[in-house]
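The analysis underlying the following values was restricted to heavy atoms, covering all of them including side chains, and did not include hydrogens, waters or symmetry mates. All of these numbers come straight from a predicted model, not from anything done at the bench.
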Amino acid sequence: MSFKRLPKVELHVHIEGAAPPAFIRGLAREKNMDISGIFRPDGGYEFRDFWQFLDVYEAATSTLQTPEDYRRLTLAVLEESAAQGVIYTEMFLSPDFCGGRDVAAWREYLHAIREAAEQAEQSHGIVLRGVVTAIRHFGPDRAREAALCAAETAGDWLVGFGLAGDEKRGRPGDFAYAFDMAREAGLRLTAHAGEWGGPQSVREALRDLRVERIGHGVRAIEDPALVDELAATGVVLEVCPGSNVALGVFPRWAAHPVARLRERGVKVTLSTDDPPFFHTTLSAEYERLADAFGWDEADFTELNTIAAQAAFCDEETRAKILTRLEAPDA
Ligand code: ADE
Ligand code: ZN
């Protein structure tokens with residue numbers, strides 16, 4: 001069954017991770033860069049595991065060098081998301097890649113991305129909001145500089161701050177200062193945890209960074225007391241099942257804990273993370289979940305409503321999204 005027409009809310013997508021390989025190849029050609037080593041013979045991205053994925057991600061990102069490159073990328077990504085039925089997206093943006101954490105340069109990148117977002121909203125009806133993301137393996141000092149970029153541009157459009165990258169490097173508490181800065185600027189908070197780290201990593205992100213959402217969080221399933229705590233406190237998980245299966249966090253769709261977490265009362269939402277890297281789209285994720293767990297349109301609408309309620313946008317925008325979820329054809 002196709003879920004393409006069902007309206008969807010996506011809370012966890014990395015802008016560079018959503019870049020189609022053909023788009024990146026085109027940029028490399030324009031700039032005379034040789035990054036052929038990151039592609040498979042069939043044209044897709046090539047990597048063996050998560051750590052090589054991070055290297056390939058950064059090599060692909062090296063072709064994105066100007067605000068104009070990000071404007072074009074944003075347009076391409078939103079057009080594809082809208083074709084998959086996505087009506088609202090929160091996208092991870094990194095000042096590390098957009099201007100090298102210089103606030104003035106970051107403003108220019110942000111301006112270009114927002115311009116593209118406005119254009120996509122007018123032509124495809126998709127709404128975008130930004131979440132600045134620090135990269136964990138770049139270390140706490142760079143995270144602080146990323147948080148300063150975020151704090152300087154916080155508002156109705158730049159709505160959140162988060163942490164991505166290699167969860168095996170450092171501890172959440174190392175990034176507390178950056179998260180405190182972002183919180184004081186009024187930004188809402190999320191952090192990747194419980195993807196490559198176990199339940200303790202999720203506990204530390206909640207305790208030391210005081211985040212209200214967790215990126216992935218799926219390995220909480222290893223600790224029943226933590227699952228109960230997530231359910232009781234209403235922490236929202238940004239679950240990306242296809243990403244987890246592609247990277248080997250879980251061996252198959254049927255083994256993915258998203259259904260068990262949901263049954264235990266945890267607020268789960270569904271996203272794609274880095275869709276072309278994992279050969280997925282949000283509607284493809286729904287199809288795989290329907291096959292694995294028997295979920296239907298009513299299940300997905302329930303999860304999309306949870307996602308809309310957990311979105312970091314203003315209340316007026318939230319009300320509009322909820323209305324579109326309730327009356328898809330209106
Ligand atoms: N950056 C892009 N995708 C990621 C993932 N799945 N985990 C951590 N950092 C990421
Ligand atoms: Zn992610």
request  = List the steps, then state whether side-chain contact (heavy atoms from CB on, under 4.5 Å) holds for His111 with Glu115.
outcome  = CA-CA 6 Å; His111 180 76; Glu115 226 171 49; 3.2 Å; yes
side-chain contact (heavy atoms from CB on, under 4.5 Å) between Leu189 and Arg183, worked out = CA-CA 7 Å; Leu189 305 176; Arg183 188 183 307 103; 3.6 Å; yes
ask   = Under the side chain to side chain donor-acceptor pair (under 3.5 Å) criterion, do Gln84 and Glu80 qualify, and how do the steps go?
value = CA-CA 6 Å; Gln84 300 298 330; Glu80 172 60 20; 2.8 Å; yes
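Residues passing the side chain to side chain contact (heavy atoms under 4.5 Å, CB included) test with Gln122: none are found, sequence neighbours excluded. Remark: Ser2 pairs with Lys4, Glu287 by the side chain to side chain contact (heavy atoms under 4.5 Å, CB included) rule, at least two apart or across chains. Asp228 meets the salt bridge (charged side-chain N to carboxylate O under 4.0 Å, His left out) test with Arg264; sequence neighbours excluded. Residues satisfying the side chain to side chain contact (heavy atoms under 4.5 Å, CB included) test with Asp102, not counting sequence neighbours, are Ala104, Ala105. Taking the salt bridge (charged side-chain N to carboxylate O under 4.0 Å, His left out) definition, one finds that Asp174 meets it with nothing, sequence neighbours left out. Evaluation of the side chain to side chain donor-acceptor pair (under 3.5 Å) rule for Asp166 yields Trp51 as partners, not counting sequence neighbours. Partners of Asn304 according to the side chain to side chain donor-acceptor pair (under 3.5 Å) rule, which considers only residues two or more places apart in sequence or in another chain, are Tyr286. In this view, Arg203 and Asp223, Glu229 satisfy the salt bridge (charged side-chain N to carboxylate O under 4.0 Å, His left out) rule, not counting sequence neighbours. With sequence neighbours excluded, the residues satisfying side chain to side chain contact (heavy atoms under 4.5 Å, CB included) with Ala116 are Arg71, Thr74, Leu75.
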Identify every side-chain donor-acceptor pair in residues 145-161 under 3.5 Å, counting partners at least two apart or on other chains, and give the distances.
from, atom 1, to, atom 2, distance (Å)
Glu145, OE1, Arg101, NE, 2.9
Glu152, OE1, Arg107, NH2, 3.4
Thr153, OG1, Trp106, NE1, 3.0
Thr153, OG1, Cys149, O, 2.8
Thr153, OG1, Ala150, O, 3.4
Trp157, NE1, Leu128, O, 2.9

Please table the atom pairs, donor to acceptor, closer than 3.5 Å between any side-chain atom in residues 205-213 and protein atoms at least two apart or in another chain.
from, atom 1, to, atom 2, distance (Å)
Glu212, OE1, Arg188, NE, 3.4
Glu212, OE1, Arg188, NH2, 2.8
Glu212, OE2, Arg188, NE, 2.8
Arg213, NE, Glu238, OE2, 2.8
Arg213, NH1, Glu90, OE1, 3.1
Arg213, NH1, Ala310, O, 2.8
Arg213, NH2, Glu90, OE1, 3.0
Arg213, NH2, Glu238, OE2, 3.2

Run the side-chain donor-acceptor check on residues 240-249: report pairs under 3.5 Å with partners two or more places apart or on a different chain.
from, atom 1, to, atom 2, distance (Å)
Ser243, OG, Asp273, OD2, 2.8
Asn244, OD1, His256, NE2, 2.8
Asn244, ND2, His216, ND1, 3.3

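Residues Arg219 and Glu167 are not in side-chain contact: their nearest non-hydrogen atoms beyond the backbone lie 4.5 Å or more apart. Counting heavy atoms from C-beta outward, Phe293 and Asp299 have side chains that stay 4.5 Å or more apart. Looking at Leu78 and His124, their side chains never come closer than 4.5 Å, going by heavy atoms from C-beta outward.
Note on Phe92 and Val9: separate hydrophobic clusters, where clusters join Ile, Leu, Val, Met, Phe, Trp and Tyr whose side-chain heavy atoms are under 4.5 Å apart, directly or indirectly. Hydrophobic clustering of Ile, Leu, Val, Met, Phe, Trp and Tyr side chains at less than 4.5 Å, counting indirect connections, unites Trp295 with Val266. The same ILVMFWY cluster, assembled from side-chain heavy atoms under 4.5 Å apart, contains both Val268 and Leu6. In terms of hydrophobic clustering, with Ile, Leu, Val, Met, Phe, Trp and Tyr side chains grouped at heavy-atom distances under 4.5 Å, Leu73 and Tyr109 are assigned to a common cluster. Linking ILVMFWY residues whenever their side-chain heavy atoms come closer than 4.5 Å, directly or via other members, places Leu64 and Ile15 in the same cluster.
Side chain of Thr272 to main chain of Leu282: no donor-acceptor pair is present (N/O by atom type, distance under 3.5 Å, no hydrogens or angles). Using a distance-only test at 3.5 Å, with no hydrogens or angles considered, a donor-acceptor pair links the side chain of Ser62 to the main chain of Ala59. Side chain of Arg318 to main chain of Ala308: a donor-acceptor pair is present (N/O by atom type, distance under 3.5 Å, no hydrogens or angles). A distance-only check finds a donor-acceptor pair linking the side chain of Thr269 to the backbone of Leu237 [under 3.5 Å]. The backbone N or O of Leu270 sits nowhere less than 3.5 Å from a side-chain atom of Glu285 that would complete a donor-acceptor pair. Without hydrogens or angle criteria, Glu222 side chain to Pro199 main chain gives no donor-acceptor distance under 3.5 Å. Put simply, the side chain of Arg136 gets close to the backbone of Gly170: a donor and an acceptor are under 3.5 Å apart. Distance alone, capped at 3.5 Å, places no donor-acceptor pair between the Lys267 side chain and the Ile306 backbone. No side-chain donor-acceptor contact under 3.5 Å links Arg144 to the backbone of Tyr177. Looking only at distances, no side-chain donor or acceptor of Thr133 sits under 3.5 Å from a matching main-chain atom of Gly162.
Ring pair Phe53/Tyr57 is perpendicular by interplanar angle, where above 60° counts as perpendicular and below 30° as parallel. Below 30°, between 30° and 60°, or above 60°: for Phe47 and Phe277 the angle between ring planes is between 30° and 60°, a tilted geometry.
The only member of Phe278, Phe23, Phe39 that meets ring pair (Phe, Tyr, Trp, His ring centres under 6.0 Å) when paired with Tyr45 is Phe39.
Residues Asp291 and Arg288 are not paired through a salt bridge, judged by the lack of any N-O separation under 4.0 Å between the basic side chain and the carboxylate. The existence of a salt bridge linking Arg72 and Glu30 is confirmed by a sub-4.0 Å separation between a basic side-chain nitrogen and an acidic carboxylate oxygen.
Within 6.0 Å of atom NE2 in His279, more than 12 heavy atoms from other residues, nucleotides or ligands are found, so the atom counts as buried in its surroundings. Surrounding CZ of Arg25 are more than 12 heavy atoms belonging to other residues, nucleotides or ligands, all under 6.0 Å away.
Pairing each heavy atom of Met91 with each of His14, the nearest pair is CG-C, 4.5 Å. Contact detail for Ile126 and Ala82: the closest heavy-atom pair is CD1-N, 3.9 Å. The two residues Thr190 and Phe179 come nearest to each other via the heavy atoms O-CE2, 3.5 Å.
Remark: Ser201 OG to Lys168 NZ distance equals 9.5 Å, nearest 0.5 Å. With rounding to the nearest 0.5 Å, the separation of CG in Leu261 from CD1 in Ile221 is 4.0 Å. Separation of atoms CD1 (Ile214) and NE2 (His12) is listed at 11.5 Å; rounding is to 0.5 Å. One distance of note links CE of Met181 with CZ of Phe175; it measures 14.0 Å at 0.5 Å rounding.
Residues Thr89 and Glu10 have side chains that never bring a donor and an acceptor to within less than 3.5 angstrom of each other.
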